[in-house]
Amino acid sequence: MKTKTRNILIFSVAALLMAAGIYLTQEYRFYNIEGSDLFLYDRAYISDTLCETGGFALLAASFDTQFMRIPFAGPLLAAMLYFAASCLIASVLRRKCPSGAMDGFAFIPAAFMFLCLENGYFRYWGHMAFVMSIVALWWYVTMPKGWKRRLAAGLIGVPLLYHFSGSAAIVFAVGVCLYEITDRGVKGLWSLAFPAVFALTAFIYVRTSMVSGWAAALTPFMYYSNPSTYFFPLYAWASVPALILASWIFSRFAIGQKNALIPVLAGMAVSFFIAGNLYSKVHSEGNYRLLQEEYLSDNEDWGRIIETADRRRPTYFISYLNLALAEQGHLLERFPYFNPQAISGVMPPIPNIRYGMSLQSKVYLAWGYVAAARQSAFDANMMTPGMRDPRQLKILVQTNLAAGSYEVAEKYLDILERTLMYRKWAKDMRCFLDDPEKVAAFLPAEGVYVRHDGLKGDLEDIVSANPSQRIALQFLEVYKMMEGMQ
């Protein structure tokens with residue numbers, strides 16, 4: 001088999017394994033990512049975002065994520081992104097190690113980026129920014145040789161890349177510097193200007209408040225929606241120059257293309273081992289289950305929530321499982337079979353507050369508890385990067401309509417109408433703006449006010465005002481039963 005054909009076959013198998021692994025482990029996470037950076041078809045939004053640090057990468061990421069609402073689209077798009085980055089890194093490494101023996105190790109950065117998906121605070125923006133830096137690195141090393149041309153390209157490219165992708169530009173600055181020094185030796189020391197320009201650019205952006213601080217200006221913390229000690233993005237960044245250096249060292253060994261198969265396979269094995277081994281250590285089954293139930297509830301697939309529930313796990317009063325049971329009219333008879341907890345623990349412990357607020361807004365809306373649903377949806381939306389979570393915006397539209405706040409509801413409808421996936425829903429909801437009778441039939445307003453006597457008192461008010469509210473009635477009866485468990 002020819003070397004080129006062999007490499008194509010190996011990389012194709014790697015791509016399939018990557019796509020399958022991402023789908024099996026992260027399928028439901030992408031539905032949540034889709035709501036984190038909502039892309040708006042609006043000139044003002046696009047122009048304002050482009051003026052921000054890393055704005056182009058943010059736009060590219062949000063444009064990508066809008067399609068993740070479609071089944072299989074999220075894992076496929078992510079696999080394509082990681083695979084493209086791996087191929088470009090392999091192309092860069094081949095410049096140092098022509099035998100291709102280092103090709104398999106080019107998947108190591110992608111392995112670390114895959115692990116970043118486990119952190120709900122690391123935005124998809126960071127993934128796109130990293131790939132943009134890899135594209136810039138590949139473009140640089142494929143340029144015609146000539147130090148003046150490359151110096152000019154780097155001096156111009158680093159600030160531009162910093163503005164368009166953010167702090168991930170350091171991967172490009174350090175990568176091309178190390179590439180030139182290992183390629184030219186002492187004559188390549190002029191490339192130290194690139195990290196220096198990166199530092200100067202970061203300094204200017206911090207001083208002009210274009211970046212919030214040095215941590216965001218120089219590290220992956222720019223791409224976090226909440227402070228985190230999750231270092232996998234940093235490992236991905238550091239692995240790129242490390243691989244360039246390793247390729248330069250490896251090139252000193254006399255390995256022909258025909259004998260490069262074993263190192264290539266070893267590199268891929270190391271990459272997939274990193275991904276698999278560390279995934280098993282950082283994966284939170286409870287958080288992932290919550291994302292799965294959130295997606296299934298959005299699609300009103302109540303039967304699937306019940307079928308996939310683990311009876312050994314504790315079930316709290318406010319949960320997607322209890323909501324699913326209530327929607328099917330079986331909450332009273334079946335909730336004892338799912339390890340119910342005492343009512344003192346109303347909700348499960350959820351590290352990501354946004355996930356908890358989303359759960360509350362969904363359950364409260366089903367009760368007809370308008371005031372609480374609106375507050376929870378507002379809080380969850382405020383905790384979302386960009387503050388445009390389509391699921392919460394939809395709840396804010398419904399609850400503000402029920403409360404008679406039509407101007408507020410229209411504000412949220414205007415946002416949703418500028419999206420691709422939620423435009424039709426928003427246009428359909430406009431008919432309620434001028435017709436209070438339709439609103440009352442669609443969502444009664446018994447729970448517009450909160451009595452502050454606790455959930456039990458508010459549930460009693462809702463049921464008393466509207467005895468036909470079967471969801472709230474079931475939860476009220478369960479609440480009384482769970483009180484006796486304390």
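Looking at Asn339 and Arg313, their side chains never bring a donor and an acceptor atom within 3.5 Å of each other. Inspection of the Gln392 and Ser361 side chains reveals an N or O donor paired with an N or O acceptor under 3.5 Å. Side-chain contact of Ser36 with Arg123: a donor-acceptor pair under 3.5 Å is absent, judged by distance alone. In this model, no donor atom of one side chain and acceptor atom of the other lie less than 3.5 Å apart for Gln292 and Glu27. Of the N and O atoms on the side chains of Tyr369 and Asp458, at least one donor lies less than 3.5 Å from an acceptor on the other residue. Using modelled atom types and a 3.5 Å distance limit, the side chains of His163 and Tyr205 yield a donor-acceptor pair.
Of the charged side-chain nitrogens involved, none lies within less than 4.0 Å of a carboxylate oxygen, so that Lys281 and Glu118 do not count as a salt-bridged pair. Between Arg354 and Asp379 there is no salt bridge, since no side-chain nitrogen of the basic residue lies less than 4.0 Å from a carboxylate oxygen of the acidic one. Salt-bridge check for Asp414 with Arg418: failed, with every basic side-chain N at 4.0 Å or more from each acidic carboxylate O.
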(request) May I have the step-by-step check of salt bridge (charged side-chain N to carboxylate O under 4.0 Å, His left out) for Lys362 and Asp298, ending in yes or no? (result) CA-CA 9 Å; Lys362 186 71 66 69; Asp298 286 339; 2.7 Å; yes
(message) Between Ser133 and Trp237, does the side-chain contact (heavy atoms from CB on, under 4.5 Å) criterion hold? Intermediate values first, please.
(response) CA-CA 10 Å; Ser133 294; Trp237 289 15; over 6 Å; no
(message) Before you tell me yes or no, could you show the steps for Tyr364 and Trp367 under ring-ring contact (aromatic ring centres under 6.0 Å, His included), namely the whole-Å CA-CA distance, both residues' side-chain angles and the distance that decides it to 0.1 Å?
(response) CA-CA 5 Å; Tyr364 292 156; Trp367 293 355; 5.3 Å; yes
(message) Using the rule given for ring-ring contact (aromatic ring centres under 6.0 Å, His included), can you reason through Tyr124 versus His127, listing the C-alpha separation, both sets of side-chain angles and the distance that settles it, and then say yes or no?
(response) CA-CA 5 Å; Tyr124 200 71; His127 298 256; 5.3 Å; yes
(message) Before you tell me yes or no, could you show the steps for Val131 and Leu88 under side-chain contact (heavy atoms from CB on, under 4.5 Å), namely the whole-Å CA-CA distance, both residues' side-chain angles and the distance that decides it to 0.1 Å?
(response) CA-CA 9 Å; Val131 174; Leu88 292 176; 5.7 Å; no
(request) Walk me through it: do Tyr82 and Phe114 pass the test ring-ring contact (aromatic ring centres under 6.0 Å, His included)? (result) CA-CA 8 Å; Tyr82 298 156; Phe114 159 76; 7.3 Å; no
(message) With side-chain contact (heavy atoms from CB on, under 4.5 Å) as the criterion, how do Asn32 and Tyr355 come out once you've worked through the C-alpha distance, each side chain's angles and the decisive distance to 0.1 Å?
(response) CA-CA 9 Å; Asn32 183 265; Tyr355 297 167; 3.6 Å; yes
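Between Leu321 atom CG and Phe338 atom CZ the span is 5.5 Å, to the nearest 0.5 Å. Between Arg430 atom CZ and Leu413 atom CG the span is 5.5 Å, to the nearest 0.5 Å. We find the CG-OG distance between Asn400 and Ser405 to be 5.0 Å, quoted to the nearest 0.5 Å. Remark: Leu359 CG to Leu323 CG distance equals 8.5 Å, nearest 0.5 Å. Note that OG of Ser165 and CD1 of Ile170 are 11.5 Å apart. Values are rounded to the nearest 0.5 Å. One finds the CZ atom of Phe203 at 6.0 Å from the CH2 atom of Trp214 (value rounded to the nearest 0.5 Å).
When atom types are taken as modelled, the side chain of Asp310 and the backbone of Arg312 share a donor-acceptor pair closer than 3.5 angstrom. With hydrogens and angles ignored, the 3.5 Å screen pairs no side-chain donor or acceptor of Ser91 with any backbone N or O of Cys87. The main-chain N or O of Phe63 is found under 3.5 Å from a side-chain atom of Gln66 such that the two form a donor-acceptor pair. Within the 3.5 Å criterion, the main-chain N or O of Ala236 finds a donor-acceptor partner in the side chain of Ser239. Here the side chain of Gln469 pairs a donor or acceptor atom with the backbone of Ile471 at under 3.5 angstrom. For Arg311 (side chain) and Tyr337 (main-chain N/O), a donor-acceptor pair under 3.5 Å exists by modelled atom type. The backbone N or O of Ser62 lies less than 3.5 Å from a partner atom in the side chain of Thr65, making a donor-acceptor pair. Using modelled atom types, one side-chain atom of Ser319 and one backbone atom of Asn322 make a donor-acceptor pair closer than 3.5 Å. Of the possible donor and acceptor atoms, one in the side chain of Trp125 sits under 3.5 Å from a partner among the backbone N and O of Gly54. Side-chain atoms of Thr315 never come within 3.5 Å of backbone atoms of Pro340 as a donor-acceptor pair (strictly under, hydrogens ignored).
Counting only heavy atoms from C-beta outward, the side chains of Met387 and Thr384 never approach each other to under 4.5 Å. Between His330 and Gln474 there is no side-chain heavy-atom pair separated by less than 4.5 Å. Counting heavy atoms from C-beta outward, Phe39 and Leu59 have side chains that approach closer than 4.5 Å. Annotation: side chain of Leu160 is in contact with side chain of Ile156 (closest heavy-atom distance under 4.5 Å). Counting only heavy atoms from C-beta outward, the side chains of Arg391 and Glu294 approach each other to under 4.5 Å. Side chains of Tyr223 and Ser167 form a contact here, defined as non-hydrogen atoms less than 4.5 Å apart. Within the 4.5 Å cutoff, side-chain heavy atoms of Leu416 are placed close to those of Pro390. At least one side-chain heavy atom of Phe232 sits less than 4.5 Å from a side-chain heavy atom of Leu278.
Contact between Phe272 and Ala14 at its shortest, heavy atoms only, is CZ-O, 3.8 Å. Taking every heavy atom of both residues into account, Ala403 and Arg374 meet most closely at CB-NH1, 3.5 Å. Of all non-hydrogen atoms in Leu332 and Glu477, the two that sit nearest each other are CD2-CB, 3.3 Å. Heavy atoms only, all atoms of each residue included: Pro109 and Ile89 are closest at CG-CD1, 3.7 Å. Of all heavy-atom pairs spanning Glu417 and Ala426, the tightest one is CG-CB, 3.4 Å. The heavy-atom pair separating Ile415 from Leu40 by the smallest distance is O-CD2, 3.7 Å.
Enclosure of atom CG in Leu420 by more than 12 non-hydrogen atoms of other residues, nucleotides or ligands within 6.0 angstrom is indicated. The 12-atom threshold is not exceeded at CD of Glu407, counting heavy atoms of other residues, nucleotides or ligands nearer than 6.0 Å. Within 6.0 Å of CZ on Phe56 lie no more than 12 heavy atoms contributed by other residues, nucleotides or ligands. The local environment of CH2 in Trp138 is sparse, with at most 12 non-hydrogen atoms from other residues, nucleotides or ligands closer than 6.0 Å. Within 6.0 Å of OH on Tyr41 lie more than 12 heavy atoms contributed by other residues, nucleotides or ligands.
A perpendicular orientation is assigned to the rings of Tyr162 and Phe198, their planes being inclined by more than 60° (bins at 30° and 60°). Using cut-offs of 30° and 60° for the angle between ring planes, the Phe107 and Phe11 rings count as tilted.
Taking the six-membered ring for Trp, Phe475 and Phe317 have ring centres closer than 6.0 Å.
Applying the ring-ring contact (aromatic ring centres under 6.0 Å, His included) test between Tyr224 and each of Phe231, Phe122, Tyr121 identifies Phe122 as the sole match.
At least one cation-pi condition fails for Arg289 and Tyr28: the charged atom is not both under 6.0 angstrom from the six-membered ring centre and inside a 45 degree cone around its axis.
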